[in-house]
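All chains are named by letter (A, B, ...) in the order of the sequence lines, taking the proteins before the strands, and each is independently numbered beginning at 1.
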2 protein chains.
Amino acid sequence: MATDSREYILETAFVLFMQRSFKAVTMNDIVKSSGMSKGAFYHYFKSKEEVFQEVVNTYFMKLTDIDYAKCSHESLKSFYSDLVSNLQNQTGFLQQLRKAKESGEAFNYFQLLFDAMYLSPVLKTRILEMQTKEMKAWTEIIGIAKKKGEIKTDLADKDIAKLFIYVNDGAGMNNILRNRVGGAIRDMMALYGSLYELLKV
Amino acid sequence: MATDSREYILETAFVLFMQRSFKAVTMNDIVKSSGMSKGAFYHYFKSKEEVFQEVVNTYFMKLTDIDYAKCSHESLKSFYSDLVSNLQNQTGFLQQLRKAKESGEAFNYFQLLFDAMYLSPVLKTRILEMQTKEMKAWTEIIGIAKKKGEIKTDLADKDIAKLFIYVNDGAGMNNILRNRVGGAIRDMMALYGSLYELLKV
DNA sequence: ACTTTAAAACCGACCATTCGGTATTTATAC
DNA sequence: GTATAAATACCGAATGGTCGGTTTTAAAGT
């Protein structure tokens, strides 16, 4: 019972922090949404900040800390296909969250990202590091794709990498603004595909 | 004195709402930052919501509601050059705001965007309309560029438009996360240029 | 196996502080 | 003197958190 209660509160908090800013989500929101009492909440977590920190360390990092080593290094196309596949898994994960189903509000990953960076400089550093890792992974696969003759362009590897990364972020933003989840995967695949079309031999 | 005071409070509020979420910015933050009293604030604005609404209707819209008709329709390259030029003007505008100079905190346009959309469904509709307008403008210029033989690709106009738009948004996000303002213009130009390189004849 | 004791889980009223806003007074401009 | 602008003390509600109490579960004792 204990593990379930703590986990349930955490999941509830995660969903709320994905929908509204940290400050906009009140303790009463969390308590009411979880169906438990404030006393029960404080049995498991020391404070609002602590549950937020935990949400970031668990759920948020699950969405953010992508293991690029697991993506194919055979080709650029398979690399981004694996990334889209990963995105699909994440979407599935979010959709099966119990609390998500009850709520009509959109998930806003970037809202949680801003809050995390604002509330903790350590987290900010960590997030920036992950972005650096992302850039490195893309630059690498693009170099490989060039060497293999998969793609052909005079553009620098890093500049191409930027295109792929920023297109992904921009599309992610667009999906949030339009409260779209399902069609997002197909769109992401199409966007990467468009860029790929411009690059391939 | 009256117009200056009201405008000064509004500008102060704008800066604060660009740095933190609506709820995280308290009335006392606004009052202290403006150097005026609460009573003075309430002389001009009915409530916190009203000043936020005004901030969105003025400053935010100035940054968001871009008149694409003013951008060159001679070529894709001049179109996006005009957009970058516009971005430069906006950056300059933000940098000359009095309150901005005092504060070390990063401006986060997207935070204000999220708050605006969350707090007002009317604004949300309006913002989505502006995005549609943006898409239309890009699609149009890309069609023109194709007709003129400036660019050559089998990709649909709208798909190319998406690439340009999302790259811009993603890069904007990246600049916010890295608290970068100055270099952002050059980067944006380079990103558009990279895409253009992939497309031009 | 049952009973007693201890610990954990949970509750909800209450607390101190903060919040957005109000009422009244004072200051300034004309 | 009047109208506008501004200040300050105060208000009631909301906020994150505390605390004494109750219920449930686990462990120890017989």
| message | I'd like to know whether the aromatic ring centres of B:Y118 and B:F114 sit less than 6.0 Å apart in this structure. | response | no
| note | Between CG of A:N28 and C1' of C:dC19 the distance, given in whole Å, is 15 Å
| Polar pair under 3.5 Å, donor/acceptor by atom type, side chain A:K38, base D:dG16 | yes
| Strictly under 6.0 Å, is that where the ring centroids of A:Y109 and A:F60 end up? | yes
| query | Separation of A:F22 atom CZ from D:dT15 atom C1', in whole Å? | reply | 12 Å
| field | Closest to the A:H43 side chain, choosing from C:dA8, D:dA5, C:dG12 | value | C:dA8
| query | Does D:dA6 have OP1 or OP2 sitting under 4.0 Å from an N or O in the side chain of B:Y44? | reply | yes
| task | Send over the distance from A:F45 CZ to C:dA9 P, rounded to a whole Å. | result | 12 Å
| said: With a 4.0 Å cutoff (strictly under), does any side-chain N or O of A:Y42 reach OP1 or OP2 of D:dC19? | reply: no
| task | Quickly work out the B:K48 NZ to C:dG21 P distance and round it to whole Å. | result | 8 Å
| remark: Per atom distances to the B:S37 side chain, the nearest of D:dT8, C:dC10, C:dG21 is D:dT8
| First of B:V25 and A:M36 reached from the 5' end of DNA chain C, by closest nucleotide | A:M36
| task | Assign each of A:M27 and A:G39 to its nearest nucleotide of DNA chain D by heavy atoms, then name whichever residue's nucleotide is nearer the 5' end. | result | A:M27
| query | Please give, in whole Å, the distance from C:dC19 P to B:F41 CZ? | reply | 15 Å
| message | Any base atoms under 4.0 Å from B:E50, or only sugar-phosphate, or nothing? Heavy atoms, all strands. | response | nothing
| Does B:W138 have its ring centroid less than 6.0 Å away from the ring centroid of B:F79? | yes
| message | Can you see if the side chain of A:T26 gets near the phosphate of D:dA14 - specifically, an N or O under 4.0 Å from OP1 or OP2? | response | no
| task | Take atom NZ of B:K32 and atom P of D:dA6, then tell me their distance rounded to the nearest Å. | result | 20 Å
| query | Do B:Q90 and B:L87 touch side chain to side chain, with heavy atoms closer than 4.5 Å? | reply | yes
| query | Which pairs, with at least one residue in residues 121-133 of chain B and sequence neighbours excluded, count as a salt bridge (charged side-chain N to carboxylate O under 4.0 Å, His left out)? | reply | B:D65-B:K133
| request: Would you mind reading off the distance between B:I9 atom CD1 and D:dA5 atom P, rounded to a whole angstrom? | output: 11 Å
| Gap between atoms CD1 and C1', on A:I30 and D:dG17 respectively (whole Å) | 13 Å
